[in-house]
Novice: 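This is the structure I want to talk about, given as structure tokens.
Numbers restart at 1 for each chain; the letters A, B, ... are given by sequence-line order, proteins then strands.
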Amino acid sequence: KAGVTQTPRYLIKTRGQQVTLSCSPISGHRSVSWYQQTPGQGLQFLFEYFSETQRNKGNFPGRFSGRQFSNSRSEMNVSTLELGDSALYLCASSPATGTGELFFGEGSRLTVL
Amino acid sequence: AQRVTQPEKLLSVFKGAPVELKCNYSYSGSPELFWYVQYSRQRLQLLLRHISRESIKGFTADLNKGETSFHLKKPFAQEEDSAMYYCALMKTSYDKVIFGPGTSLSVIP
């Protein structure tokens with residue numbers, strides 16, 4: 001089976017712009033979680049989607065949003081980018097919600113200038 | 001709020017020596033606990049989970065509810081064990097998984 005695929009892998013944006021990141025889960029996996037990874041804060045949970053519904057949400061401002069499509073693919077969007085949003089954004093899929101068994105992608109590295 | 005701490009950012013051991021990666025959590029209930037590992041140039045992946053009570057790649061982890069700890073142990077470290085290790089907690093089923101800050105393990109040949 002193909003692993004979790006995240007696109008784009010690298011991107012550079014400027015402050016105030018918005019960005020959309022995409023995640024294709026492993027075939028058959030219906031749960032997708034998003035994490036922000038930075039050297040200072042480590043892995044911070046953003047949100048989890050299951051069957052197109054947001055199941056869990058982390059403590060991030062409303063500028064961070066996500067959605068899941070009927071084919072389980074997920075996107076996350078960050079609007080009005082700030083310098084502090086520079087990070088590696090990791091997507092993880094799971095066969096079902098609530099198992100704790102996460103299969104991670106390679107991440108999308110966002111740099112905000 | 002629940003929290004996971006890993007007191008060591010870096011840990012170096014010699015090949016063949018025992019290794020223990022510490023993990024403590026703050027949560028009053030009965031969480032599910034995991035260890036995830038990221039080898040160089042590889043994706044973050046699940047190593048083991050406490051409910052499985054299994055040994056993976058020679059690693060074991062015991063949940064100590066009294067000390068709220070879930071330390072990862074291996075009796076004889078191998079060079080291929082060098083990696084970043086993350087302890088993770090899920091408060092209840094269907095809750096989010098939160099991660100500790102990670103410990104970078106270096107096994108010296």
Novice: Take atom CZ in B/Phe76; do more than 12 heavy atoms of anything else shown fall under 6.0 Å from it?
Specialist: no
Novice: Quick one: donor-acceptor pairs between chain B and chain A, under 3.5 Å, side chains and backbone, table format.
Specialist:
{"unit_1": "B/Tyr36", "atom_1": "OH", "unit_2": "A/Gly100", "atom_2": "O", "d": "2.5"}
{"unit_1": "B/Tyr36", "atom_1": "OH", "unit_2": "A/Leu102", "atom_2": "N", "d": "2.8"}
{"unit_1": "B/Arg43", "atom_1": "NH1", "unit_2": "A/Val4", "atom_2": "O", "d": "2.7"}
{"unit_1": "B/Arg43", "atom_1": "NH1", "unit_2": "A/Phe104", "atom_2": "O", "d": "3.4"}
{"unit_1": "B/Arg49", "atom_1": "NH1", "unit_2": "A/Thr99", "atom_2": "O", "d": "3.4"}
{"unit_1": "B/Arg49", "atom_1": "NH2", "unit_2": "A/Thr99", "atom_2": "O", "d": "2.5"}
{"unit_1": "B/Tyr86", "atom_1": "OH", "unit_2": "A/Gln37", "atom_2": "NE2", "d": "3.1"}
{"unit_1": "B/Tyr94", "atom_1": "O", "unit_2": "A/Asn56", "atom_2": "ND2", "d": "3.2"}
{"unit_1": "B/Val97", "atom_1": "O", "unit_2": "A/Tyr35", "atom_2": "OH", "d": "2.6"}

Novice: Should we count CD of B/Glu80 as having more than 12 external heavy atoms under 6.0 Å?
Specialist: yes
Novice: Linking I/L/V/M/F/W/Y whenever any side-chain heavy atoms sit under 4.5 Å apart, do B/Ile56 and B/Leu105 land together?
Specialist: yes
Novice: Tell me, side chain or backbone of A/Phe45 under 4.5 Å from chain B's heavy atoms, or both, or neither?
Specialist: side chain
Novice: Can you name the one residue among B/Ile98, B/Val4, B/Leu44 that meets side chain to side chain contact (heavy atoms under 4.5 Å, CB included) with A/Leu43?
Specialist: B/Leu44
Novice: Check whether any side-chain heavy atom of B/Val97 lies under 4.5 Å from a side-chain heavy atom of A/Leu102, and answer yes or no.
Specialist: yes
Novice: Would you kindly confirm whether A/Ile12 and A/Leu88 end up in one hydrophobic cluster when ILVMFWY residues are joined by side chain heavy atoms under 4.5 Å apart?
Specialist: no
Novice: Determine, using the 4.5 Å side-chain heavy-atom cutoff (strictly less than), whether A/Phe104 and B/Val37 are members of one ILVMFWY cluster.
Specialist: no
Novice: Going hydrophobic residue to hydrophobic residue with side-chain gaps under 4.5 angstrom, can you get from A/Leu90 over to A/Val4?
Specialist: no
Novice: Could you tell me which residues satisfy side chain to side chain contact (heavy atoms under 4.5 Å, CB included) with A/Pro8, sequence neighbours excluded, listed by chain and number?
Specialist: A/Leu11, A/Leu21
